[in-house]
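All values below were derived from every heavy atom in this structure, side-chain atoms included, with hydrogens, water molecules and symmetry-related copies excluded. In each ligand, atom 1 is the first atom listed, and ligand 1 is the first ligand listed. From a predicted model like this one, the values you see are computed outputs, not experimental measurements.
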Amino acid sequence: MFFQKDLETMRRSDLEALQLTRLKHFVQYCYDNVAFYHKRMDEAKFDPAKLQTLSDIQYIPYTTKEDIRDNYPTGLFACPMKDIVRLHASSGTTGKPTVVGYTRRDLDIWSDCVARLVTAAGATDEDIVQISFGYGLFTGALGLHYGLEKIGATVIPISSGNTDKQVMMMNDLGVTALVSTPSYALYMSEAAREKGVLDQLKLRLGLFGSEGCTPAMRDQIEKSFHIFATDNYGMSELCGPGVSGECELRCGMHINEDHFYPELINPNTLERAALGEVGELVVTTLTKEGFPMLRYRTKDLTTIDYEPCKCGRTFARMAKPMGRSDDMLKIRGVNVFPTQIESVLMTEPHIGGHYQLVVRREGYMDTLEVKVELTDGSLLENYGSLEALQRKVQSDLKSVLGIQAKVNLCEPKSIERFQGKAKRIVDLRGEGDI
Ligand code: DLL
């Protein structure tokens, strides 16, 4: 099923022609309407009128999160506020939030992009969809909301929190599709089991996103809820959800390339990554009017596959991000991604999907403690089995990560639950001693 079949199945040569036309217009638009971009291009001696090919984009400087912060709150907007019809903002865990603005046309394109992804995932106008992302400044809830309304689905804007009520509504209203972070979905499935309603639910589809989730973790959520789930990716700076998402074949997330021009770079050298190599995703928003982003460094590490998909879509597919270059933990000189740890934990049937990584500095040494819940608390009474499981996980982690980690097997429900993005990392190394 397609939402905009002609666009989603375009021949690559036609797509590139469209991208080039849009890019030429977009770069000139940024130059003419955003003082920051004007100055950056002048400094790089880049004349927008001379852009001839898609690869000429390489001569335009990157834009970073710091650039957005330096122009807080609206210095990178390309329109007067009277043309902006909506503002959103990122959570801003460090410092000021990133404020993003949308014109009416931006909102329309955004909901088209989301409508494509949810259709590709199998959602239809027959679905009753519970949106359990937090409504408000976060882009996730309203982004999915308008995309799902556009395809004619019945939307329940319940927002996040009050998990018992979520389960009740899901059951009483015959909800067929759930929008949430994967970690919250797992939490809701536990709550539904406790209430004894899990097997009565009509849920068939999970539309997850906004945080990393290994295939094994997704498998666990699918089994416990008896659903099929897809992943979708985006970020506030680029619009929110709607940048890319999986089709029913789940072999990568299709990037809406007619609106988002992707590049992959080596985050250290800033050179273009070779085809098939892991790199940092850099995105240019080809059609954004309110808050245009030119070569934005997302910090997300992924690969891109340009082969057309068996589903008929020709848009390139990005792999699930393996992590963010700034989320990567450096422990005793070794790069560690939470997704690597999750993939080890999920192979153990006695271990559940809730875990936390605690990093400390002891003397001059960094230590990593992996706290993870057991699925069955009675194992805690069987010291022999517990110790064997702990040794096995420690050894598997050592071979995947290359460093020793202490594994702490905890009682079920002892690790904090999250209703939005899960906070898996607790880094207790003081700023001063890093
Ligand atoms: O999380 C937008 C979104 C909402 C996407 C709902 C999908 C669904 P931010 O809060 O700005 O925006 O966070 C963006 O979250 O740079 C990634 O590091 C991470 N992220 C988003 N989607 C995924 C995903 C929204 N599917 C940051 N897998 C991004 C892994 C993801 N990481």
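In this structure, of G245, S210, G209, the residue bringing a heavy atom nearest to atom 22 (N) of ligand 1 is S210. Closest heavy-atom approach to atom 18 (O) of ligand 1 among the candidates L117, L207, L144, D300: D300.
Each of the atoms 28 (N), 30 (C) of ligand 1 lies under 4.0 Å from some heavy atom of P321. The atoms of ligand 1 that sit less than 4.0 Å from any heavy atom of G212 are 28 (N), 30 (C), 32 (N). Of all the atoms in ligand 1, the ones that sit under 4.0 Å from a non-hydrogen atom of N232 are 7 (C), 8 (C), 22 (N), 24 (C), 26 (N). Distances below 4.0 Å separate heavy atoms of G140 from the following atoms of ligand 1: 4 (C), 6 (C). Heavy-atom proximity to T139, at under 4.0 Å, picks out these atoms of ligand 1: 2 (C). Listed by atom number, the atoms of ligand 1 under 4.0 Å from D231 heavy atoms are 24 (C), 26 (N).
Annotation: the span from E369 atom CD to N408 atom CG amounts to 4.5 Å, rounded to 0.5 Å.
Between P292 and V34, the shortest heavy-atom contact is CG-CG2, 4.2 Å.
With a 4.0 Å cut-off on non-hydrogen atoms, K421 touches ligand 1 through its side chain and not its backbone. Heavy atoms of F138 found under 4.0 angstrom from ligand 1 belong exclusively to the side chain. The side chain of R324, and not its backbone, has at least one atom closer than 4.0 Å to an atom of ligand 1 (non-hydrogen atoms only; side chain from C-beta on).
Aromatic ring centres of H145 and Y135: separated by under 6.0 Å. Under the 6.0 Å cut-off for aromatic ring centres, W110 and Y102 qualify, their centroids lying closer than that.
Cation-pi geometry between R313 and F2 is satisfied (NZ or CZ under 6.0 Å from the ring centre, within 45° of the ring normal). Judged by the 6.0 Å and 45° rule, K65 forms no cation-pi pair with Y296. Taking the ring axis of F228 as reference, the NZ or CZ atom of R204 does not stay both within 45° of it and closer than 6.0 Å to the ring centre.
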Derivation and outcome, salt bridge (Lys or Arg N to Asp or Glu O under 4.0 Å), residues E280 and R295: CA-CA 11 Å; E280 177 183 331; R295 301 195 89 203; over 6 Å; no

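At least one heavy atom of F133 sits closer than 4.0 Å to an atom of ligand 1.
Taking any N or O of S236, backbone or side chain, at least one lies under 3.5 Å from an N or O belonging to ligand 1.
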Less than 3.5 Å apart, which donor and acceptor atoms pair up between the side chains of residues 80-87 and the rest of the protein, not counting sequence neighbours?
residue, atom, partner, partner atom, Å
R86, NH1, H88, NE2, 2.9

